[in-house]
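Data first, discussion second: the structure below is written as structure tokens.
Side-chain atoms are counted along with the backbone in the values below, which use heavy atoms only and exclude waters and symmetry mates. One-based numbering, in listed order, for ligands and for the atoms of each.
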Amino acid sequence: MINVTRSSMPPFEEYCEEIKDIWESRWLTNNGAKHKELEKNLCEFLGVDNLTLFVNGHMALEMVIDGMGLSGEVITTPFTFASTTHAIVRNGLTPVFCDINDGDYTIDVNKIESLITEKTSAIIPVHVYGNICDYKKIESIAKKHNLKVIYDAAHAFGEEIDGVKVGNLGDASMFSFHATKVYNTIEGGCVCYKDESLKSTLNNLKNFGIKNAEEVEAVGGNAKMNEFAAAMGLCNLRHIDDEIAKRKAVYERYMSHLDGVSGIKLCKEKDNLKPNYAYFPVVFDGYKYNRDEVAKKLQENDILARKYFYPLTNTYDCYDFDVSKTPVAFDISNKVLTIPMYADLALSDVDRICDIILG
Ligand SMILES: *Cc1c(COP(=O)(O)O)cnc(C)c1O
């Protein structure tokens, strides 16, 4: 059985060695030694000045939205994981859905300005599949209309665009370190941000809004990363370059079989992007089998692909949005399948998966 993803883990002994200190310190959470070390190492790896760790990527996003004091409407896309839209709505804000473009499935920057009203406070675009949004155009729109920009960079760990590490784009970026992501801390996430003064706000929000022993300054929650998660993060960070190199080999093997096949659309590498090969999305458009037929064929062979992202977030039962406003996203969500992609996927299995798709 081949799953769509498989978590990266360090050698068992390495993790055991890393957690020994925790038995000595008996300090399990609340900004412990591992947590501090991981924040420092990630700042370095991601090339950012300000970074705050969280229990997961979702809470990181929820809390940076809260911490930046956004109000009213937020422009975003529905072609994403539930988290992006939920984080906006759970902050009492109204998501305004912008369509995506047909090439890399990120926000269609030419459709943003017509959605801006006097209530708009921010744009929350998604670097979907690790494809980086048109950040230059987004920055110029945000400047012109005085909007904040928070990137959902859950898929973009370790990437660089035009020589810039992606955590530096916008006012803030959220990375997810969930077990299924390129880099994991079991569960975890972080926010990187420009405004240094956000640091104390975020640190308080993730710890019940507690400022010090006698003062509680905000209606916070509990979203702290624990020491065991941070220890996993320290170990996995040592191996991240190798893991991405292995993913690259999988990507290239897939391309060797699928690139150029009529009716199959793939995300191609771009000269200005240092990618992380997080996902391998395939759009079946006019192919001899449709997306659901391919998914079924794979499943019959114990290979799990994912309809990622289907359904669109603006079609969820818990929401009542007008899906006709994002026709490209709707179309792609009906045609896309992410096929297995992880560092340890054997190239012979990649061959077998492609044989089934092409057969
Ligand atoms: C994984 C993911 C998240 C949420 O991250 P968690 O760490 O699982 O909470 C948010 N947005 C996108 C696009 C994701 O893929």
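The distance between the ring centers of Phe228 and Trp27 does not fall below 6.0 angstrom. Taking the ring centroids of His86 and Tyr319, they lie under the 6.0 Å cut-off.
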Are Phe177 and Phe157 close enough, and set up right, to give a ring pair (Phe, Tyr, Trp, His ring centres under 6.0 Å), and what steps lead you there? CA-CA 9 Å; Phe177 309 148; Phe157 187 81; 5.8 Å; yes
Apply side-chain contact (heavy atoms from CB on, under 4.5 Å) to Ile353 and Leu298, showing your working. CA-CA 7 Å; Ile353 292 166; Leu298 290 170; 4.0 Å; yes
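In Met59, neither the side chain nor the backbone holds a heavy atom less than 4.0 Å from any atom of ligand 1.
Close contacts between ligand 1 and Thr80 involve ligand atoms 13 (C) [criterion: under 4.0 Å to a heavy atom]. Near Phe81, meaning under 4.0 Å from any of its heavy atoms, are these atoms of ligand 1: 2 (C), 3 (C), 12 (C), 13 (C), 14 (C), 15 (O). Applying the 4.0 Å criterion to heavy atoms of Tyr308 picks out, from ligand 1, the atoms 15 (O). Distances below 4.0 Å separate heavy atoms of Asn56 from the following atoms of ligand 1: 7 (O), 9 (O).
Lys34 pairs with exactly one of Glu18, Glu39, Glu227 by the side-chain hydrogen bond (donor to acceptor under 3.5 Å, both in side chains) rule, that one being Glu18.
Protein heavy atom closest to atom 15 (O) of ligand 1, with residue, atom name and distance, is His155 NE2, 2.7 Å. The protein non-hydrogen atom at the shortest distance from atom 11 (N) of ligand 1 is Asp152 OD2, 2.7 Å. In terms of protein heavy-atom proximity, atom 5 (O) of ligand 1 is closest to Ser176 OG, 3.2 Å. Closest protein heavy atom to atom 9 (O) of ligand 1: His58 N, 2.8 Å. Remark: minimum distance from atom 8 (O) of ligand 1 to any protein heavy atom is reached at His178 CB, 3.7 Å.
When the heavy atoms of Gly188, Ala154, Ala153, Ala179 are ranked by distance to atom 14 (C) of ligand 1, first place goes to Ala154.
In this structure, Lys325 forms no cation-pi arrangement with Phe97, as its terminal cationic atom is not both closer than 6.0 Å to the ring centre and no more than 45° off the ring axis. Cation-pi geometry between Arg247 and Phe280 is not satisfied (NZ or CZ under 6.0 Å from the ring centre, within 45° of the ring normal).
Proximity of Met174 to ligand 1 is established by a heavy-atom distance of less than 4.0 Å. For Lys181, the heavy-atom gap to ligand 1 drops under 4.0 angstrom.
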Show me the donor-acceptor pairs within less than 3.5 Å that the side chains of residues 51-59 make with the rest of the protein, sequence neighbours left out.
| unit_1 | atom_1 | unit_2 | atom_2 | d |
| --- | --- | --- | --- | --- |
| Thr52 | OG1 | Tyr193 | OH | 2.6 |
| Asn56 | OD1 | His58 | N | 3.1 |
| Asn56 | OD1 | Met59 | N | 2.7 |
| His58 | ND1 | Ser83 | OG | 2.8 |
| His58 | NE2 | Glu62 | OE2 | 2.7 |

Under 3.5 Å, side-chain donor or acceptor atoms of residues 142-149 against the rest of the protein: list the pairs with distances, not counting sequence neighbours.
| unit_1 | atom_1 | unit_2 | atom_2 | d |
| --- | --- | --- | --- | --- |
| Lys144 | NZ | Glu113 | OE2 | 2.9 |
| His145 | NE2 | Glu113 | OE2 | 2.6 |

